[in-house]
Each structure stands twice: as C-alpha cells, then as structure tokens.
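Side chains included, hydrogens not; waters and symmetry mates left out as well; all remaining heavy atoms used. Chain naming here is simple, since letters A, B, ... match the order of the sequence lines and numbering starts at 1 in each.
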Protein chains: 2
Amino acid sequence: MRSEQGDRPARAKRLPRAVRERQILDAATAVFSQRGYHAASMDEVAVVAGISKPMVYAYLGSKEELFAVCIKREAGRLVDAVGAVVDPELAPEERLWRGVLAFFTFVGEYRDSWNVLHRQAGSEGQPFAAEIAEGRRRAIALIGALLAQAAVAEGVPEWFLGETEAMAAALVGAGESLADWWLDHPDESAKAMAARLMNLAWMGFGNLVRGRNWQPPTSAKADAEPA
Amino acid sequence: MRSEQGDRPARAKRLPRAVRERQILDAATAVFSQRGYHAASMDEVAVVAGISKPMVYAYLGSKEELFAVCIKREAGRLVDAVGAVVDPELAPEERLWRGVLAFFTFVGEYRDSWNVLHRQAGSEGQPFAAEIAEGRRRAIALIGALLAQAAVAEGVPEWFLGETEAMAAALVGAGESLADWWLDHPDESAKAMAARLMNLAWMGFGNLVRGRNWQPPTSAKADAEPA
DNA sequence: TCCTGTACCTACTCGCGAGTAAGCCTACTG
DNA sequence: CAGTAGGCTTACTCGCGAGTAGGTACAGGA
C-alpha cells in the first residue's frame, strides 16, 4: 500500500515562481470563497494549491496578506470588466446598461471572486472589511452621479437630486441580491439578469405591471420578454 | 490596589436563570454582530454579559447552540414585527408599504439583531447559513407572491408573471442595501427609508426622473419630498 | 440555625491552526 | 558533470479559544 503512483501527493513538480503564485492565489480565492476568511486554513489553501504550507508563506506572506492580495486581484478584475465597457461619451442609460451587463457577466464567469468580494466583505470583524466597504461606497457614489446626470438631463425636480445616492445604494443591493438569486437559477443568461435589473431601475414595478418594460438599446429584444 | 469596590469584577449578583439567559443572549447578539461568528469568543460573550464562561455553557450549551438561539430569537422578532402589520385584507401596495416600514423600523431599533441576521448569514462556511438563507428565500417567495397578486389585479401580460420572484429578490436586496446605507446616514427616519424603497419598487427610476414619486397611502405626504 | 439546591467562580485540558527552522531535491550554468 | 540557486518538504513551536472539573457562596426552607 505504498510506493504506488497516486497514493502519496509526492513531491510537487518544480514550477517558476510566477506560475505557483497564480496557482496559490486561485486556490486561496476558492478556499476563502467557500469557508470565509476565519474558517479558511492555510493548510487547506496549500493542499488545494497542490503544494506544502511553507511555500504559501514564502510567496504570499501571512494569511492576512494573502487575503489582501486575493481581494485586490478580484476587485481589479471586476473594476476592469466594468470600466472596459462604460464609455463616458454614451448616454447615462446606455452606460448603466453596459455596466450592469458587464457586472453580471463577471459574476457568471468568476463565481468565487464574487463570493470573496461580496460575502466576505460583510462580516465586519474581518481584516479588509473596511477597504471593501469603501470600494462599494465608491461604486454607489459613481452610480449615484450617473443617476443624477440622467436626472438633470430629464429636468427632474430639485428635491430628487438628494435622492440619487440612496437610489444608487438600493440599486447596488438589488444587483447583489439578483446575483445571489442567479445561483439558484443558473439557466438564466447574464443578459437576462442585467435586463431584470434595468427593468427595476429604469421602469419600476409600477410601470412593469402596466406592461411597459425596458429594452436594451442595441439588440432587438430584451431577453426578459420571450416571444 | 485591591479590595477596592470597582477594581475586580467581584462576584456577580445572584439572579434567576431566566433573567441571566436573556442577558447572555443580549451579550451574544452584540458580540456576534460586531465580530462575526468565528471571530467571536465565548470569553468575550461572558465578559459582556458580566458573568464567567462556565455560566454561558451551563445555560446555553455550546457556541453553536448559542448562535442558533440568537438567530432564532432575532429572526422571530423580525418576523413578528412584519407579520403584525400586514393584514391580508389590505391591497398589495398597502401591504408592501406596511411591511417595508415595519422592516426599517425593526432595523433602526435592533441594529445588532439585523447585523447578526444579515452580515453573518452571508459567509457560507458558518453553521446556520443554510437556515438563514432559507428564511431569506421564504421572504422572497412571500414578496414575490404579493407582487404577482398585484400584477394580476392590474391585468399584466403573461410573460411578467415569471418575473415576480426575481423582482422580489431584487427588492429584498435593495432593502438590505438601503438598511446598510442608513448606517452612514443615521439622521434619516425609518419612514423616509421605507418611502425610498417604495419609490424604487413602485415607481422606478424612470418615473422618478419625470417627477412622479410614490406617496404613502394614509399620511398626507411622503418624507422623501420635503416642502 | 443548619441544610440544600442553584447561581456562580477559578483554573485548568486539549486540539487546531498560524507561522517557522532546517534542510532536501532538481533544473539550469558553466 | 560539478555547483548552485531556488523550489519544495517534513516536522516542529506556540498561542488562542472551546469546553470542563471541581469547587465556593448565598437564598430560602426545615
């Protein structure tokens, strides 16, 4: 019962540092996503990365540093994905639509990343809760500004300008919650999810109920409406 | 530096079990709220409760059991608060308004309870994440049914009936996020927060931007609009 | 007044997981 | 084909926190 090929993990293949670092980060993201920061153990990260613990420490430092690097990488990916599609030349509605679509596409593609950023951000005691909360706050401010811009363009009454930030917060929450709901309904497309959020944001339930639904600007038909 | 009155915690006053249990639960809710399940220590719960650790174990059992009891109590409070105001006789719009208002009132009153239910529910690895997620799912189903009811009453097109659950999920998320936003803007009233959510839900940004905002049915004016 | 049960305590054990010491192995370099 | 740098490992230490053993003190009944 020994010396067989698959029994013992055996010595890991020698790989250049950059590659191992990526593997460790991937493993750490998966483990943090599944367990949460506190419940995650460095041993498990090492095992998932197919390597021994001291390597993790040698390359990425302490558990807290490792988590920080994970957060930074995943947050960067999300910001890049959204930033790549929101041309400031475009009208607010179109910009919001593209950003929302990019967001859901990202969530669909990098589930663990989303988990680490979203679920682990909540629990306050954790190391980088403040940073993540700050990032979220910036996102809300950005969307709030976009809403305000749209509002001004439409000649909205004064009192409403104070409301855009709160509306943006609600919208961000609605997006997060829809992303969670998506996990339970994996057959939906990112586009359909984005269309749902736009419907809520741009039309409101009061309009939807009267049969008027919002449609994405370029394509012929929103996924939300079959037929 | 001893034998002074305030120096040592001294022996705690003798109290009947029921009272101590309530104190311990209050302390546990506060600690879990602030630290999260994993980072919370039973020692801290004991200190906050003004008591020694073995008492906590004697009365509430293990850490996991203690957490479970906390969750049950706070969830019960929330359910009761909302359930007390949603008369099934009422129209869907009125029912939603009352429920939303009760929700924000609860969050304003029991911050720690809300924290434990909301933030700690997220991190998946934790003991009762499944139960909390289930409760949240039930809430979404309930609101979804309410939306469907409203939709049918308005004679909405067929395709929309499949959308109500997703809309409910978005709405719940929007509510949670607004509750968080509230922490950064504590001067707002529960009523104003509830009015915001109703505006998003019932009118949508598209309507708001045209100056049409939703108003609570009974009172003369929505808090959202001053003047 | 003593006696008993229940509230309460100090002072441990013990396992788990973060972090490390000390060295082994192998792919390039000359 | 020897030398070496850097990839990789085993096998620890050590503190923190869950959970417990074995009591002490106090209120209320005999």
Handout entry: B:Lys72 NZ/CZ over B:Phe67 ring centroid, <6.0 Å and within 45° of normal
Key = no
Practice task
Just call it for B:Ala46: base, sugar-phosphate, or nothing, with non-hydrogen atoms closer than 4.0 Å on any strand.
Solution key: nothing
Problem - B:Arg11 side-chain proximity, nearest of D:dT9, C:dA18, D:dA25 - result: D:dA25
Practice task
Would you please confirm or rule out a distance under 4.0 Å between OP1 or OP2 of C:dC8 and any side-chain N or O of B:Arg17?
Solution key: no
Handout entry: Divergence of helical axes at both termini of the helix from C:dT1-D:dA30 to C:dG30-D:dC1 - five pairs an end, 10° steps
Key = 10°
Exercise for the section: Check every atom of D:dC8, C:dA7, C:dA18 against the side chain of A:Lys53 and return the nucleotide holding the closest atom. Expected result: C:dA18
Handout entry: From C:dT26, C:dC8, D:dA18, nucleotide with atom closest to B:Tyr57 side chain
Key = D:dA18
Handout entry: Ring centroid separation A:Trp114 to A:Phe104 under 6.0 Å
Key = no
Exercise for the section: Verify the distance criterion only: is there a donor paired with an acceptor across the side chains of A:Ser52 and A:Arg11 at less than 3.5 Å? Expected result: no
Problem - Closest listed nucleotide, where the reference is the side chain of B:Pro54 and the choices are D:dT9, D:dG19, C:dA11 - result: C:dA11
Practice task
Pick base, sugar-phosphate or nothing for A:Ser52, based on heavy-atom distances below 4.0 Å to the nucleic acid.
Solution key: base
Handout entry: Distance test, side-chain N/O of A:Arg14 to OP1/OP2 of C:dC28, below 4.0 Å
Key = no
Problem - Touch class at under 4.0 angstrom, heavy-atom based, for A:Met42 against every strand present - result: sugar-phosphate
Practice task
Give the ring-plane orientation class for A:His185 versus A:Trp181, where under 30° counts as parallel, over 60° as perpendicular and anything between as tilted.
Solution key: parallel
Handout entry: Proximal nucleotide (of D:dT9, C:dA18, C:dA7) relative to the B:Met55 side chain
Key = C:dA7
Problem - Selected nucleotide, minimal atom distance to A:Arg20 side chain, candidates C:dC8, D:dC8, C:dG19 - result: D:dC8
Handout entry: Heavy-atom donor-acceptor pair, A:Thr29 side chain to A:Leu25 backbone, under 3.5 Å
Key = yes
Exercise for the section: When you get a sec, tell me which of D:dG17, C:dC8, D:dC8 is the closest nucleotide to the side chain of B:Leu15? Expected result: C:dC8
